[in-house]
Amino acid sequence: MEKDTIIIGNWKMYKTNKEVKEYLHSFTKNLSDTNVQVGFAVPFTAISLSAKELQDQGIWIGAQNMNSADEGAFTGEIAGKMLKDAGADFVILGHSERRTLFHETNEMIASKVKKALEEELKVVLCIGESLEQRENGYEEHLEEQISSALKDVDKSKTKNIIVAYEPIWAIGTGKSAGPKDVEKTHLFIKKILQKIFGKTVKIPIIYGGSVKKENIVSYMEKKSISGALVGGASLKAKDFSEIVQLSES
Ligand code: PGA
């Protein structure tokens, strides 16, 4: 990854293509030269439009899920190579909404990660604990999520991986995890990544969960936090532009 800070908007199941066009016009109008790597995880239907609108601006476009198969009779699914073909640079995998609402297991996520990397998509691997897990040794749970997803990944592919730490209880709830707590967890995650890939591994770890313009600076001040995955507060171009500006170093 070339830039130090990564700020990704996760639009979830929001925005028609008309809304996407308006948003991107307004976002890019206010965007000056920035040392922040910006990305948007858009609905599948908006990938090619967004890629076209943002051509040559250095902004990443991504999807929020994919299937681990190359192709096949899987009604309603989408393959990594289709995302790539539509213009995606990255894919979010293992988001807690996919794990809880759509029953994705660590094994499923591991095979998606493998396939996405084969297709040369960057992977934003989401991990995080529920409130209950937090109270009962959540570090073990995070370690399991990370090692199961990355155990078959070759070190040469790690340049295309970003880990997003998103405590489930902080997503969309307005309750963010405090920067100090997040920092501690990020250092723990870093240790696990080093255990898997060796001391020299450089995988950015970003935070997600109720990030907004009012709290972004407190996270960016922490050295172990390389950026943010922003849901609700990325839906309005003006708010998201402010978050990006406030993240500049
Ligand atoms: P939130 O969502 O910022 O609305 O909490 C973050 C995410 O789900 O990636």
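Atoms within a ligand are numbered from 1 in the order they appear, just like the ligands themselves. This one's a predicted model, so the numbers in the text were calculated from it and none came from an experiment.
Within 6.0 Å of atom CZ in Phe188, more than 12 heavy atoms from other residues, nucleotides or ligands are found, so the atom counts as buried in its surroundings.
Within the structure, ring pair (Phe, Tyr, Trp, His ring centres under 6.0 Å) contacts touching residues 133-155 (residues at least two apart or in different chains) do not occur. Among residue pairs with one or both ends in residues 225-236, none qualify as side-chain hydrogen bond (donor to acceptor under 3.5 Å, both in side chains); sequence neighbours excluded.
Of all protein heavy atoms, the one closest to atom 9 (O) of ligand 1 is Glu166 OE2, 2.7 Å. Regarding atom 4 (O) of ligand 1, its nearest protein heavy-atom neighbour is Gly232 N, 2.9 Å. Among protein heavy atoms, the minimum distance from atom 3 (O) of ligand 1 is reached at Gly231 N, 2.9 Å.
Here is the list of ligand 1 atoms found below 4.0 Å of a heavy atom in Gly172: 1 (P), 4 (O), 5 (O). Atoms of ligand 1 lying under 4.0 Å from at least one heavy atom of Leu229, given by number and element, are 9 (O).
Using 4.0 Å as the threshold, Ala170 has a heavy atom nearer than that to some atom of ligand 1. At least one heavy atom of Lys12 sits closer than 4.0 Å to an atom of ligand 1. Taking a 4.0 Å cut-off on heavy atoms, Gly209 registers as neighbouring ligand 1. The closest approach between Ser210 and ligand 1 falls below 4.0 Å for a heavy atom of the residue.
Under a 4.0 Å N-O distance rule, the pair Arg134/Glu129 qualifies as a salt bridge. Classification of Lys114 and Asp152 as a salt-bridged pair fails, no side-chain N sitting under 4.0 Å from a carboxylate O. Salt-bridge check for Lys180 with Glu183: failed, with every basic side-chain N at 4.0 Å or more from each acidic carboxylate O. Lys195 has a carboxylate O that lies under 4.0 Å from a charged side-chain N of Glu143, or vice versa, which qualifies the two as a salt bridge.
Between Phe40 and Trp60, the ring center distance fails the sub-6.0 Å criterion.
Checked against a 3.5 angstrom limit, the closest N/O atoms of His95 and ligand 1 fall inside it.
Both the backbone and the side chain of Ile171 come within 4.0 Å of ligand 1, counting heavy atoms alone.
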